[in-house]
> 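Next up is a structure, given as structure tokens.
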Number of protein chains: 2
Amino acid sequence: MTDYIEVLKKNDLKATIQRTGILKSIDNAGHINIDDIYEDVKENYPTLSLATIYKNIILMVKHGVIVEVPINGEKSKYELKKDDHIHLICKSCGEIEDKEITKEKKQILAVENFKLDTAQINLYGLCKKCQSLI
Amino acid sequence: MTDYIEVLKKNDLKATIQRTGILKSIDNAGHINIDDIYEDVKENYPTLSLATIYKNIILMVKHGVIVEVPINGEKSKYELKKDDHIHLICKSCGEIEDKEITKEKKQILAVENFKLDTAQINLYGLCKKCQSLI
DNA sequence: CTTCATGCAAATAATTTGCAGTAAG
DNA sequence: CTTACTGCAAATTATTTGCATGAAG
């Protein structure tokens, strides 16, 4: 269980109850879009507004607390910041699974004349469960 | 120079002047978002409407003529459909460069229990030009 | 205390839709 | 011919902004 208050302060952000609530929601879901965060957080903080979520998502991305995960044909989802990893995105059920990138894999992606900051690797296909349903 | 009429027909789409215009614009830019397509195409077809672009982008993505390239914190760009490749996205100037994925690299990305369809690899960092400006 | 965050309502931007008139095959 | 496409205007949805009040450090 992550200490969201710590994470926020470490990244120069005040720890408000709205922010920890949003982080808890993201952490819980793994990957989640703004509307779903709103639905989720509202349960515990009914007065929390969508505008507050927008403002905070932008802010927390800027401060490196969370990361945007753009998905083809959908609204972006967000996840807690962690080491680069691969997203396995199921085109059938929409489930997103994280997969570690080994050092060797990352090395292989290295490109000359380009100073790499973040690698975003999304593999679209069919997860095990959905394959078996065909 | 690609024959856009051919491409469209091959993918079961009528070849209208608006569609070939959009494809030409995308091909020309490499990677371009909807607003910029609009600005570009309007020069030659001033009556072409933004609604038509939206409708056709959605349609051409569905038919596999073009591909969405989501970019963190921006509106998605679009490119002509081609073999999977890597995008080098410069965080400074915004330039996107395509880089081939060798078979070995693609093999390395293979994951058990996941039937891969499309690989989307975006590397965010600094291009050569922008590195030298620091 | 002091500064920054929240919530609301209102503004703006982005995308979608319906429909009458056109064009492609 | 027949079916599907376009352009327009209107509707909807998504996102941003300003400001008075309230909470964090």
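Reminder, nothing fancy here: chain letters follow the sequence lines and each chain counts from 1.
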> What integer distance in Å separates B/Lys10:NZ from C/dG25:P?
15 Å
> Taking 4.0 Å as the cut-off, does a side-chain nitrogen or oxygen of B/Thr47 come that near to OP1 or OP2 on D/dG7?
yes
> Atom CG of B/Asn56 to atom C1' of D/dC5: distance rounded to whole Å?
8 Å
> Can you tell me how far P of D/dT6 sits from CG of B/Asn44, to the nearest Å?
16 Å
> Pick base, sugar-phosphate or nothing for A/Lys75, based on heavy-atom distances below 4.0 Å to the nucleic acid.
sugar-phosphate
> A/Arg19 side chain: which of C/dG7, D/dT6, C/dA5 is closest?
C/dA5
> Which of these nucleotides, D/dT6, C/dT16, D/dT16, is closest to any side-chain atom of B/Thr16?
D/dT6
> Look at all strands and tell whether B/Thr52 reaches a base, only sugar-phosphate, or nothing, counting heavy atoms closer than 4.0 Å.
base
> Is it true that A/Asp36 and A/Lys77 have a side-chain N and a carboxylate O under 4.0 angstrom from each other?
no
> So B/Glu79 and B/His85, do their side chains get closer than 4.5 Å, heavy atoms only?
yes
> When the distance from CD1 of A/Ile34 to C1' of D/dT16 is rounded to whole Å, what number comes out?
12 Å
> Please report, rounded to the nearest Å, how far the P atom of C/dT17 is from the CG atom of B/Leu59.
13 Å
> Start at the 5' end of DNA chain D and walk down; is the nucleotide closest to B/Lys14 or to B/Leu48 reached first?
B/Lys14
> Measure the distance from CD on A/Gln18 to P on C/dC4 and round it to the nearest whole Å.
17 Å
> Give B/Ile5 one of three labels, base, sugar-phosphate or nothing, depending on what nucleic acid heavy atoms sit under 4.0 Å from its own.
nothing
> Determine whether any donor atom in the side chain of B/Lys55 lies under 3.5 Å from an acceptor atom in the base of C/dG18, or the reverse, and answer yes or no.
yes
> Could you give the CD-to-P distance, from A/Glu68 to D/dT15, as a whole number of Å?
10 Å
> For a quick check of understanding: with a heavy-atom distance under 4.0 Å over all strands, which category does B/Ile57 fall into, base, sugar-phosphate or nothing?
nothing
> Looking at D/dG25, does its base get a donor-acceptor pair with the side chain of A/Lys9 below 3.5 Å?
no
> Could you state the CG-C1' distance from A/Asn33 to D/dT13, rounded to the nearest angstrom?
14 Å
> Please state whether the rings of B/His31 and B/His87 are parallel, tilted or perpendicular, taking 30° and 60° as the class boundaries.
perpendicular
> Please say whether more than 12 non-hydrogen atoms of neighbouring residues, nucleotides or ligands are located less than 6.0 Å from NZ in A/Lys82.
yes
> Do A/Phe114 and B/Leu123 have side chains that approach each other closer than 4.5 Å (heavy atoms only, starting at C-beta)?
yes
